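Encoded as structure tokens, the structure appears first; notes follow it.
Quick note: residue numbers are just sequence positions, from 1. Because the structure is predicted, anything quoted here is derived from the model rather than measured.
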Amino acid sequence: MLLVVVIWGCNFSVSKWALRQFPPLGFTALRFVGASVLLLAALWWREGRLLPPAGGMLRLTALGVVGNSIYQVCFIVGLSLTTASNSALVLASMPALVAGLGAALGIERLTRDGVRGLALASVGVVLVVAARGVSLQPGNYGGDALTLAAVVCWAAFTLGVRRLDLAMSPLAITTWTMVLGTPLLLAAGLPSLLGMQWSAISTLGWAGLAYSSVMSLVVAYLLWNASVRAIGSNRTAVYACITPLVAMASAMAILGERPSPIQLAGAAAIIVGVILSQRR
């Protein structure tokens, strides 16, 4: 999970740069088509079969549409309508939402250390993100609402993977939820792809697309789903609190930014909170 947050933390900068050359929905469609092809090839190579277990297609389709199609559209459109800081702050609610929904549905039990760690890490995220400047302008409300809808979708996806009772490996779950969620994303991105000037895409633009597809989708999704199946949704989701730290470190290394004392305090709270939440 530490590798996942490093991948996703760096993906913010990589994707932001690549989106200078790709339209957002078209970029997302290309990412998921490429990731789907790679995952199908990996599944065939590792397990020698492509078909999911009998009776599982409907549940896998629901997970794919909620966790990939709807989530990605809400996130990308929401990000375009609000600030990056607002978006990051709303996304920080995901671990708490996963824990709360999981407890309400009886999927996982909240431990005392888990609650304390989650609360501490969430406060840390608020400090890190708020120090960068949160905007409460009315014009951002639509984007914030769409980002919150994306968080709800990802929480539902995570809990759905946790309680999926099919005899499937994390690789098979990741492959089929992504493949089944891709057609709607391709339909949404196809108009912008048809109008693109493909010759204008630079080598670095293609490299950004490759990173965002292979690392952020294939590798990170595989690790996320494997972690959910192995240690549970709550202990997995809390690691998402570390993502803003990676983004902050990337900005220091690439852009020369320096964290404020408030951000450093928030970073310490996140680290302690995540460690505390992992205690049994």
Legend entry - Contact check, side chains of L209 and Q21, non-hydrogen atoms, under 4.5 Å: no
Inset, instruction - Output the distance between atom CG (L184) and atom CD1 (I70), rounded to the nearest 0.5 Å. - result: 8.0 Å
Inset, instruction - Check whether any side-chain N or O of N68 sits under 3.5 Å from a backbone N or O of L180 as a donor-acceptor pair, and report yes or no. - result: no
Inset, instruction - For residues S213 and F32, determine if any side-chain heavy atom of one lies less than 4.5 Å from a side-chain heavy atom of the other. - result: no
Legend entry - Atom pair CG (L63) and CE (M178), whose distance is rounded to the nearest 0.5 Å: 12.5 Å
Inset, instruction - Taking R229 for its side chain and V161 for its backbone only, find out whether a donor-acceptor pair lies under 3.5 Å. - result: yes
Inset, instruction - List the atom of G205, the atom of A18, and the distance in Å for their closest heavy-atom pair. - result: O-CB, 4.4 Å
Inset, instruction - Please report the closest heavy-atom contact between S192 and G189, naming both atoms and the distance. - result: OG-O, 2.8 Å
Inset, instruction - Verify the ring-centre separation between F22 and W206: is it less than 6.0 angstrom? - result: yes
Inset, instruction - State, yes or no, whether a side-chain contact exists between T175 and E47 at a heavy-atom distance under 4.5 Å. - result: no
Inset, instruction - Show the numbers, then the answer: is there a side chain to side chain contact (heavy atoms under 4.5 Å, CB included) between L166 and L60? - result: CA-CA 10 Å; L166 299 175; L60 291 170; 4.3 Å; yes
Inset, instruction - For residues L30 and L186, determine if any side-chain heavy atom of one lies less than 4.5 Å from a side-chain heavy atom of the other. - result: no
Legend entry - pair V179-L39: side-chain heavy atoms closer than 4.5 Å: no
Inset, instruction - Find out if a path of hydrophobic residues (ILVMFWY) with successive side-chain heavy-atom gaps under 4.5 Å connects F75 to V4. - result: yes
Legend entry - L2-L223 co-clustered via ILVMFWY side chain contacts under 4.5 Å: yes
Legend entry - Exercise: identify the closest heavy-atom pair between L19 and P24: CD2-CA, 3.7 Å
Legend entry - Point-to-point distance, once rounded to the nearest 0.5 Å, from CG of L146 to SG of C74: 5.5 Å
Legend entry - Neighbour count above 12 (heavy atom, 6.0 Å) for L194 CG: yes
Inset, instruction - Answer whether the closest heavy-atom distance between the side chains of L3 and I7 falls below 4.5 Å. - result: yes
Inset, instruction - Work out which heavy atom in V66 is nearest to a heavy atom in C153; give both atom names and the distance. - result: O-CB, 3.3 Å
Inset, instruction - Is it possible for you to say whether L164 and L159 belong to one hydrophobic cluster, with membership spreading through side-chain heavy-atom contacts below 4.5 Å? - result: yes
Inset, instruction - Enter the distance from L217:CG to Y211:OH here, rounded to the nearest 0.5 Å. - result: 11.0 Å
Inset, instruction - Please answer: with hydrophobic residues joined when any side-chain heavy atoms are less than 4.5 Å apart, are M168 and W44 in the same cluster? - result: yes
Inset, instruction - Would you check if the side chain of T61 reaches a backbone N or O of M57 as a donor-acceptor pair within less than 3.5 Å? - result: yes
Legend entry - Same cluster (ILVMFWY, side-chain, under 4.5 Å), Y71 and F157: yes
Inset, instruction - Please test W224 against Y221 for ring pair (Phe, Tyr, Trp, His ring centres under 6.0 Å), starting from the C-alpha separation and ending with a verdict. - result: CA-CA 5 Å; W224 179 278; Y221 272 49; 8.4 Å; no
Inset, instruction - Would you check, one step at a time, whether the test side chain to side chain contact (heavy atoms under 4.5 Å, CB included) holds for R59 with D165? - result: CA-CA 10 Å; R59 281 174 286 177; D165 57 357; 2.5 Å; yes
Legend entry - Note, L193 side chain near W198 side chain (heavy atom, < 4.5 Å): yes
Inset, instruction - Report the distance from atom OG of S212 to atom CZ of R31, rounding to the nearest 0.5 Å. - result: 3.0 Å
Inset, instruction - With rounding to the nearest 0.5 Å, note down the distance linking CD in Q72 to CH2 in W154. - result: 8.0 Å
